[in-house]
Amino acid sequence: MFGKKTSSIFKKNDRNDESNWEDDTLIDQNKYANSHPQGVVTASLINRLDSMKIEEDRLKRIEEDLNGTDSRLDSRITALREKREKVINSTLQKVKLTRNVDLCYVLDCTASMDNYIEAAKNCILKVTNYMKRINPSISIHVGFCGYRDHCDGKDRIQYLNFTDSYEKFSDYIKNNVKATGGGDGPEDVLGGLDAAISQMSWSRATRVILHIGDAPPHGRQFTSMYDNYPEGDPNGLTAENVMKKMQSSKILYFFGKITNNTEKMLNVFRGIIGQFSEFDLKTSGNNPEELLTKFFYATCSAITSSVTLNSTTIMKDSSSIYSLQRKKLQINPQEPNWSTLLEQSGKLLSYKFPKKLSEVKDKKFFKGSNLTVNNMNFKVASQPFSIGAERYAYFGIDTQKSSTTEKLVMKKYHDTNKRDDPLERYLESAEVSSIAHFLANEFNSAAKRADIKKKVRFIYVKILRQSQTEQCYSVEGYFRDAEFKRFNVNSGVITEFHSTLEAFAHFTHSYTKGYLVVCDLQGIELENEFVLTDPAIHCVDSLRFGGTNLGEKGINECFLNNHTCNNVCKKLKLKS
């Protein structure tokens, strides 16, 4: 989705003047406002952009979400606010439960796995201490299930049930788990996974299996290695019944990859349960420290990813934590052949940036009169290249100029079963983007005065409405060859700690005098700045900023209760 220094659809002259000291190499903020001719706006579009119409559409969507109806505007808003607060209270109670984690290491314990058994033993205390420091609200119970092969008799499967005593966990592995056994190339992988699912006492809201192995299960569908059981598991287990049992138990699966011998197995598993994370646990020679570091990263990532997915499922009111993984199988990461796609036309809409705090707080600022509209010609890929909790991301190009094409990221919502894809929902996302952009500029100005080198920048989002179908997209510049990361989540989980980003969230709360917090920070990290997209906002006005806004309680429970001031907060003199 992102990349290194490249041009995009956004030019610097859309920024506030006080941000002019910033590096010019990152984002051109508003090329369309200058180079695209002002379009002929149809009467129907003018009506849609009327402020009361946008507000009316928003109220209708909230009413559908909350099952409320009332013809009088004031009483509608009051009733919806009350219902929204009840939903938020219920959501936060469920989100709290997702921070209670059962983590089970499922480990191949045959002779080749001695170093990995040792890493599991040494890793867990390090993980626990890190979580206590960065995500103190997450509580972990850890268990162990080891497997070997069918020729190993009573030693084929062994397990330790979940415990919150990490000394007990380490002592068990040290005294009871030995790297031994194994016969032919494949191992009893399905037996090990089945035992972990069936024999362990899973009880907590977030359930995680981190599976580490260097060999596939028995059966021709998994391997061409010499196999004593080429027809598959001699006890009748199949990948389908084991993985389906895992799904019915709401256990999330992660894999630590050591060799390519497991590739076929992983493809089979993905076909059943959808996409899942795979961690590289290969090491260069006998390097315990490198392996421990990789084990630590895989474990922390599995925990935070699972808590995030679980809480997102709750906030999206989805019945299945696996639906997003299944949707990920639909993506195509390859850029299309643009010559085969039809050129389309549409209207590009963008909000003016607020210039002061009173405009941020004033809902009436984000209305039709503060929108600019321009023509745009474009092409868009037929399949998404990525998917997030709310939206698909597609490759797109701006074809406005015949001599050049400009690459874009075009996003559309995928949970549109309740209503058609409404324009106002996209305008709401542009509103969030413009507020985040304004607050980032204010933060950067304060950071410069405090001699803080790292800056925060938000990609400027515009809304594209296709002329014939009226399909809407959020449109962003495309960046190549950079690693996209999610740094924190609106449920309060920090997935990758950075003092600048946590201080920025604190700054947004302080600057707005407790009115809102900008969270769900995701994007790329460059040497001197973070480039972010798709933020969420918790706001005391629970009817603003969509369903990811968990209101004043969200500010308190998902941010303030989890935030510990760091050195950047102190330099900015933010109150703890």
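Since the model is a prediction, treat every value here as computed from it, not as a measurement.
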query = More than 12 foreign heavy atoms under 6.0 Å from CZ of Phe296: is that the case here?
reply = yes

inquiry  = So, taking the atom named CE in Met246 and the one named CD1 in Ile209, what distance separates them when rounded to the nearest 0.5 Å?
reply    = 4.0 Å

remark   = Heavy-atom nearest pair, Gly274 first then Leu329, reads CA-CD1, 3.7 Å

query = Is it true that atom CD of Glu552 has more than 12 heavy atoms of other residues, nucleotides or ligands lying nearer than 6.0 Å?
reply = no

request  = Would you please name every residue forming a ring-ring contact (aromatic ring centres under 6.0 Å, His included) with His509, sequence neighbours left out?
outcome  = none

request  = Mind checking the CG-CD1 spacing from Leu550 to Ile88? Nearest 0.5 Å is all I need.
outcome  = 6.0 Å

inquiry  = Under 4.0 Å between a side-chain nitrogen and a carboxylate oxygen: does that hold for Asp451 and Lys571?
reply    = no

query = What distance separates Arg99 CZ from Thr304 OG1, expressed to the nearest 0.5 Å?
reply = 13.5 Å

inquiry  = Does Lys126 have more than 12 heavy atoms from other residues, nucleotides or ligands lying within 6.0 Å of its NZ?
reply    = yes

remark   = Sorted by chain and number, sequence neighbours left out, ring-ring contact (aromatic ring centres under 6.0 Å, His included) with Tyr166 holds for none

task = For Asn241, check side chain to side chain donor-acceptor pair (under 3.5 Å) against everything at least two apart and list the hits.
result = Thr238

query = Once you round to the nearest 0.5 Å, how far does NE2 of His150 lie from CG of Asn235?
reply = 5.5 Å

message = For Phe487 together with Phe530, are the ring centres under 6.0 Å from each other?
response = yes

